[in-house]
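What follows is a single structure, written as structure tokens, with notes after it.
Note that the numbering runs from 1 along the sequence shown for the chain.
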Amino acid sequence: MTTISPTGAATVSPAASASAHALTGKRRIAFASYVDENYLPGFLVLLRSLALSNPGVCEDFVVLYDDLRPSSIAQIRALHPRIVLRRVEDERYDSYVKGDQDNYLVRKAYFILDIFRLRDYDTVITLDTDMVVLGDLGELLELREGLAAVPQFFYGQHKLNSGLLVIQREYLSDEFCAKIDQTGRSGEYELDKHDQGILNAVLDGDFVRLDARYNFVKRRLSGDLPVPEDIAILHFTGRHKPWQGGESGYSLAEERWREFEMSDAEFHAAYVALGGAHHDLLVHFGTPHVRRTSDVEIARKVAATHIAAGEYQEAVDILSSVRIPLDAAWPHEVLGHALMSVSRYPEAKTQLLMATAAPNRAATAYARLAQMAWVHGDNTESLRYATAGLSVDPTHRSSRLWAQRAAVPPQEQGAPDDQLAHVAFYMDRQGNAGDKLLPETVRLGFGPDTTSRRWHSVHAHRLFDAAALERVNARRGLVIGGGGLFIPDTMPNGNSAWQWNVPDEHLRAIDVPIMVYAVGFNAFDGQSYRATRFNESLRLLAEKAVFFGLRNHGSIAKVRALLPPELHDKVVFQPCPTTVSRQLIAGWSDPLYRDDIVMLNAAYDRAGLRFGHDYGHFLGQIAEAVRKIGAHTEVTCVAHSLDDERIAFDLRREHGISLPVIPMYDFSNDEIRETYAKARLVIGMRGHAGMIPFGVGTPIISLISHPKMAYFLNDIERPEWGVSVHERDLGAVLTERALHMLDNHSRTVADVHDRQELLWKVTQENAARIQQILAR
């Protein structure tokens, strides 16, 4: 557990410093094959076929090998961006192949047995090197239980064919390996059938049976039968392989294999022409294709996928490497987007203006021009561009957003000597409810007056230029806080690489006290920062700040790891003020009664990072929980943003469950707090769908798809109030915990209040420290 202390001197709990995967429970999936020089041609075809048949799939591919040459390894790496090489070095292997080094079947048998010793993954899918992938493998990636395989074609349904195995975590264990070793040492199995013999003996028919189309053996096509259209994996069993000349009677099958026997250039061209490409694969194959061909359209595709992953400089680099024709509007627009994301604003403006010439790209280009003008504080020009975008497309949402922002009147200016400047993300109307509430709640941590009389607002996403610097230096101090500002892609810029668009020279020139207050490190599992720029800006901020408070110990551990040791002690714990709202709001009183309602919230921003391949599983499990909880208490959907309503749509469409929706994105701050205070329980995926109800005394269960959820629950020493969206038995676990909280509601509310007191004590101690700083 974490000892909660404002000084930061206490030891950070192991949970706070755990990997993002360990906190979210996101499944790690890998493919695996044993490869040697003789079967290398087959493996290269396997890799190409996997990419071309499943362009949106890119998991680690574990290659077990013992004799591959460096040139062969280079060929393999060229065909997959996430190759994990593991050399076979084991005394058991030596005993298996002694005197028989050329027997691939013996070595493959060892691979099948040794794959169960992998400990880095939750699901491993084995593929033989004499296979070719012809169809969608999504069903295999979604499997979560047991050991799955296709039953043997000739030997009865109780035995498996080991060419393809889908192995779950419980089989990737020392216990199962011990059973394999014990059976293998019995000597009852011929070496060339060692893998299937041992596995069938150990499993004794206890495996999940897959349809034959996932391991369709060549022998079923004897007599030149055509390959059925629905086959996902064709397996060239037997001694004669297509790359060795093949075998008579299977010409149609071998034609399917030869579809993927191509040069790298042909393969790259085939892949980039597909839709639904995975980021890693498109970058891996598209980049050399662009270098070779200078293809502008493919450069645009690769740049766009870089942008989607927050790799803005890489997007600039690849589009700058080709000559974009003047009338190629889309590439100009994407390059403009990339350039503005690294704060090369004049160049970005030029590119975007060229993009406005094409009707199909004009609205988006105008919206980006409006955004850039707004970033520079020019509301007049921003409104002009946004209006131009709406004139092209009256339904264009982004243009409408920037028109609304640009039309907001300037804030009233109070007396500078009485004001604190406040850098925050100030949410738009119908924006995320949690982010809308945050700036006001941060201000409550400094006193009851949250108006412009006491506060000078500095929008984090606007360029902090010389004029903004002058305004801040005229105030009593600068507060930076209001959410997870340490995130790289919400509103990217090249000045800091986090949400506050501040150049180092202007940050360095601030001469009033800087207080970082309850900021979070918000990177998702699988998301990264532009390390050098972010680290430099973060270090300068830590050096300048007189108070540097982060909202959970997980963020503290992440940020300390990026700072030199002499700055570690400056980083201290300051809970998000939403978690102590009952204490901060003058005249607050707990509700006399609560509505008999359980509120459900789900989040869909960066859905791939949240759910991986498990969204279907998540939705089905939530449907199960909603039905069972709904038998006791009404369940409603609470939407922090418009996108959050998707859970209600999907439950109705996929499972026939209709939930009323509470549009919290339309609520005032008081309405948000009051609505949550009257619920009996909130089950939420967004961070502030947990922290806000907790702060008003309502019990919570967090659906963990982001490390920050686990960070908060660890800080209050209640990790059992969270459950991973990837949990195998999510529906049952969620139902059990929810009904327990509802049945013991008064006791649970008292526990929430008790946990809140811990955070309130820290907040009070920090407040006293900050008052001393401001009084100097």
Nearest heavy atoms of L52 and F267, plus distance in Å: CG-CE1, 3.7 Å
Within-4.5 Å side-chain heavy-atom neighbours: V598 and V682: no
Under the criterion side-chain contact (heavy atoms from CB on, under 4.5 Å), I'd like the reasoning laid out for F260 against S53: C-alpha separation, chi angles, the key distance, then a yes or no. CA-CA 10 Å; F260 304 98; S53 300; 4.2 Å; yes
I'd like to know if the side chain of R28 reaches the main chain of D120, judged simply by a donor and an acceptor atom lying under 3.5 Å from each other, with no hydrogens or angles considered. yes
Keeping the roles fixed (side chain from R119, backbone from S173), state whether a donor-acceptor pair exists under 3.5 Å. yes
Do the side chain of R86 and the main chain of V63 share a donor and acceptor less than 3.5 angstrom apart? no
Please test D614 against E142 for side-chain contact (heavy atoms from CB on, under 4.5 Å), starting from the C-alpha separation and ending with a verdict. CA-CA 6 Å; D614 289 344; E142 293 170 4; 5.8 Å; no
Pair D644, Y604: side-chain N/O donor-acceptor within cut-off below 3.5 Å: no
All heavy atoms of Q244 vs all of R239, minimum pair found to be OE1-O, 3.5 Å
For N54, is there any backbone N or O sitting under 3.5 Å from a side-chain donor or acceptor partner on D136? no
Listing request: all salt bridge (charged side-chain N to carboxylate O under 4.0 Å, His left out) pairs with a residue in residues 723-737, at least two apart in sequence or in separate chains. E170-R728
In sequence, state the C-alpha distance, the side-chain angles, and the governing distance for F61 and F43, and then conclude on ring pair (Phe, Tyr, Trp, His ring centres under 6.0 Å). CA-CA 12 Å; F61 205 122; F43 184 60; 5.3 Å; yes
Going by distance alone, is a donor N or O of one side chain under 3.5 Å from an acceptor N or O of the other, for D66 and Y34? yes
Are a donor atom and an acceptor atom from the side chains of D751 and T748 found within less than 3.5 Å of each other? no
Donor-acceptor side-chain pairing of D650 and Y615 below 3.5 angstrom: yes
Side-chain contact test, heavy atoms from C-beta onward, threshold under 4.5 Å: evaluate it for L703 versus V723 and give yes or no. yes
Verify the distance criterion only: is there a donor paired with an acceptor across the side chains of Q152 and H158 at less than 3.5 Å? no
Could you label the plane-to-plane angle of the Y271 and F285 rings as parallel, tilted or perpendicular, counting under 30° as parallel and over 60° as perpendicular? perpendicular
List the steps and the verdict of salt bridge (charged side-chain N to carboxylate O under 4.0 Å, His left out) for D67 and R87. CA-CA 8 Å; D67 67 342; R87 182 184 288 276; over 6 Å; no
Drop me the distance from M685's CE to F611's CZ, to the nearest 0.5 angstrom. 4.0 Å
Row check, F618 ring normal vs R27 NZ/CZ: under 6.0 Å, within 45°: no
Please check this pair: side chain of H284 against backbone of R77, looking for a donor-acceptor N/O pair closer than 3.5 Å. yes
H568 and L563: which non-hydrogen atoms are nearest, and at how many Å? NE2-O, 2.9 Å
First locate atom NE2 of H279, then atom CG of L281, and finally report the distance between them rounded to the nearest 0.5 Å. 10.0 Å
Can you tell me if S724 uses its side chain to pair, donor with acceptor, with the backbone of T24 under 3.5 Å? yes
Rounding to 0.5 Å, atoms CD1 (I701) and CD (E720) come to a distance of 10.5 Å
Can R209 be said to sit on top of F207's aromatic six-ring, NZ or CZ under 6.0 Å from centre and within 45° of the ring axis? yes
Is the Y711 to H553 ring centre distance short of 6.0 Å? no
Residue pair S72 / E37, side-chain donor-acceptor N/O under 3.5 Å: yes
Any side-chain heavy atom of I125 sitting closer than 4.5 Å to one from L141? yes
As a quick check of understanding, evaluate side-chain contact (heavy atoms from CB on, under 4.5 Å) for F521 and I556, giving each step before the final call. CA-CA 8 Å; F521 188 95; I556 290 172; over 6 Å; no
Looking at every non-hydrogen atom in both residues, tell me the closest pair between F694 and R755 and how far apart they are. CZ-CB, 3.8 Å
Can you list the steps and then say if D130 with K241 is a salt bridge (charged side-chain N to carboxylate O under 4.0 Å, His left out)? CA-CA 7 Å; D130 52 1; K241 306 301 179 185; 2.6 Å; yes
Quick check for you: to the nearest 0.5 Å, what is the distance between F236 atom CZ and W243 atom CH2? 9.0 Å
Which residues pass the ring pair (Phe, Tyr, Trp, His ring centres under 6.0 Å) test with Y214, not counting sequence neighbours? none
Quick one about E624 and H655 (side-chain donor to acceptor, distance below 3.5 Å, no hydrogens or angles considered), yes or no? no
Using every non-hydrogen atom in the two residues, find where I647 and A602 come nearest and quote the distance to one decimal. CB-CB, 3.9 Å
Hey, are R117 and D174 close enough for a salt bridge, meaning a charged N less than 4.0 Å from a carboxylate O? no
Going from CZ on R606 to NE2 on H706, what distance comes out if it is rounded to the nearest 0.5 angstrom? 7.5 Å
Identify the residue among L134, V132, L46, L137 that makes a side chain to side chain contact (heavy atoms under 4.5 Å, CB included) with I233. L137
Could you state the interatomic distance from CG (L85) to CG (L64), rounded to the nearest 0.5 Å? 9.5 Å
Walk me through it: do I629 and I683 pass the test side-chain contact (heavy atoms from CB on, under 4.5 Å)? CA-CA 11 Å; I629 297 170; I683 300 170; 4.1 Å; yes
Please assess R169 against E145 for the test salt bridge (charged side-chain N to carboxylate O under 4.0 Å, His left out), listing each intermediate value before the final yes or no. CA-CA 9 Å; R169 162 62 65 186; E145 297 187 23; over 6 Å; no
Determine, for K26 against D122, whether the closest basic-nitrogen to carboxylate-oxygen distance falls under 4.0 angstrom. no
